[in-house]
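Both counts, for ligands and for their atoms, begin at 1 and track the order of listing.
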Amino acid sequence: MKSRDMNHDWIATARTLSEALPFMQRYAGSIVVVKFGGNAMGDEDAMAEFARDIVLMRQVGINPIVVHGGGPMINDMLTRLGIKSEFVRGKRVTDKATVEVVEMVLTGLVNKRIVQAIMDEGGRAVGLSGKDDDLMVCEADDPELGFVGRPVEMNPQVLRDLFKAGIIPVVAPVATGMQPNETFNVNGDTAAGAIAGALKADRLLLLTDVSGVKDANGNVVTAMTPEEVVAMIEDGTIAGGMIPKTETALKAIEDGVRAVVILDGRVPNACLLELFTEHGAGSLIRP
Ligand code: X2W
């Protein structure tokens, strides 16, 4: 038997677990959608730690769903194939060749890597895309962007079926269209918001590589109402890449999501910090 590590503060560990009880009780049976962006994925250790947090959520009775991105992994593969790519207003201009690479990378490489990481931590995960059981049906977002989809119809029953079976769904943001044989590339945040909205989730956690929404002085705002977010977009305090994220949050809340949190996925155990401690993490947006 291994001897005990006396340098570790085991009493503090036990206290942390005890203090988490009210939070576990509050979230038991709830639905939490977690957007895991390509920039938050990091190395193998970061992936394993994320997977462990998700498995822990499931273990204490939460129904977690992972919706992932993978922009940097798509960029790598496009470069290897010699296909040029550009972004317009935060979305990838997606022609026929690009949408094929997007589908291969997201539903193959990235999706299965996350599924495997969750399985390795002792959970049960099944990977799917918006195409599976018509989960997410899109139409073209903007003719300028090609095959970039805007979700117009959601069929989330397959996710409820997976919850019932104790399985964690891992969703790639690729979708079908209204016409046969159409494929759309969907921004990961947009897909996560649409799925959270369709399920009227209790929480949508948007994991990013920044510490949250910042005020004019650069300090993270820990709690905001949707009205305050709108005002901060209008006066330019919220700018750049934070605009699509906060717009996703506003739309999700309009669709019936109880609260959205924009948090730093690079912080160790970011999801647990947000859900199971008084401290919380990042910026909470709630009516
Ligand atoms: C994204 C889908 C992946 C994504 C793309 O092609 O990169 C659009 O831009 P991250 O890692 O969350 O940025 N789709 C339309 O959203 O990845």
Side-chain angles (χ1 to χ4, degrees), residues 33-43 46-47 50 54 65-81 83-114 117 127-131 135-152 170-177 182-196 204-210 240-249 251-252 260-266 270-271 282:
V33 177
V34 183
K35 157 69 200 310
F36 192 34
N39 286 319
M41 280 173 205
D43 58 13
M47 174 67 84
F50 169 80
I54 297 291
I65 305 167
V66 178
V67 181
H68 62 83
M73 296 76 180
I74 297 168
N75 291 341
D76 282 353
M77 190 56 76
L78 288 170
T79 304
R80 278 160 73 178
L81 294 169
I83 300 172
K84 286 206 168 48
S85 193
E86 58 163 348
F87 284 81
V88 173
R89 290 180 298 279
K91 291 174 184 168
R92 188 188 305 276
V93 178
T94 306
D95 62 9
K96 186 90 183 86
T98 304
V99 82
E100 286 181 2
V101 175
V102 167
E103 185 170 31
M104 284 193 278
V105 171
L106 293 182
T107 70
L109 222 54
V110 180
N111 187 274
K112 297 313 155 198
R113 185 168 166 227
I114 299 169
L128 62 167
S129 80
K131 287 188 174 182
L135 169 59
M136 182 165 60
V137 184
C138 285
E139 56 187 29
D141 190 22
D142 177 343
E144 200 189 339
L145 298 173
F147 298 103
V148 169
R150 181 163 43 88
V152 286
V170 178
V171 184
V174 171
T176 39
E182 275 184 316
T183 302
F184 284 109
N185 175 14
V186 186
N187 172 273
D189 291 337
T190 307
I195 289 168
L204 166 61
L205 307 184
L206 296 173
L207 297 188
T208 63
D209 55 358
V210 292
M242 203 41 91
I243 294 177
K245 286 207 192 293
T246 44
E247 282 176 345
T248 297
K251 168 91 171 56
V260 181
V261 188
I262 298 176
L263 69 168
D264 191 346
R266 299 165 309 175
C271 295

Backbone, side chain, both or neither: what part of Val186 comes under 4.0 angstrom of ligand 1, heavy atoms only?
-> backbone
Where ligand 1 meets Gly69 - atom numbers and elements under 4.0 angstrom, heavy-atom basis = 4 (C), 10 (P), 11 (O), 12 (O), 17 (O)
Distance-only donor-acceptor check, side chains Arg92 and Asn75, under 3.5 Å = yes
Interatomic distance, CZ@Phe36 vs CD1@Ile54, rounded to 0.5 Å, equals 8.0 Å
Please state which protein non-hydrogen atom is closest to atom 13 (O) of ligand 1 and give its distance, to 0.1 Å?
-> Gly71 N, 4.2 Å
Which of the numbered atoms in ligand 1 are below 4.0 angstrom from a heavy atom of Gly188?
-> 4 (C), 16 (O)
Answer with yes or no whether the side chains of Thr79 and Asp76 bring together a donor and an acceptor at under 3.5 Å.
-> no
Going by heavy-atom distance to atom 11 (O) of ligand 1, choose the closest among Gly38, Gly146, Pro173.
-> Gly38
Sub-4.0 Å atoms of ligand 1 with respect to non-hydrogen atoms of Lys91 = 9 (O)
Separation of Thr190 OG1 from Met136 CE (nearest 0.5 Å) = 9.0 Å
Measure the CG-OG1 distance between Leu206 and Thr208 for me, rounded to the nearest 0.5 Å.
-> 8.0 Å
For Lys35, the ligand 1 atoms whose distance to one of its heavy atoms is below 4.0 Å | 12 (O)
Before signing off on this row, confirm whether Asn185 and ligand 1 have an N or O atom pair separated by under 3.5 Å.
-> yes
Out of Met73, Met41, Arg92, who gets a non-hydrogen atom closest to atom 5 (C) of ligand 1?
-> Arg92
Less than 4.0 Å between a side-chain N and a carboxylate O, is that true for Lys35 and Asp189?
-> yes
Checking Arg266 side chain against Asp209 main chain: does a donor-acceptor pair fall under 3.5 Å?
-> yes
Does an N or O from Val102, backbone or side chain, lie closer than 3.5 Å to an N or O of ligand 1?
-> no
Identify, by atom number and element, the atoms of ligand 1 in contact range of Val148, meaning under 4.0 Å from any of its heavy atoms.
-> 15 (C)
Flag the pair Lys91 and Glu86 as a salt bridge only when some basic side-chain nitrogen lies within less than 4.0 angstrom of an acidic carboxylate oxygen.
-> no
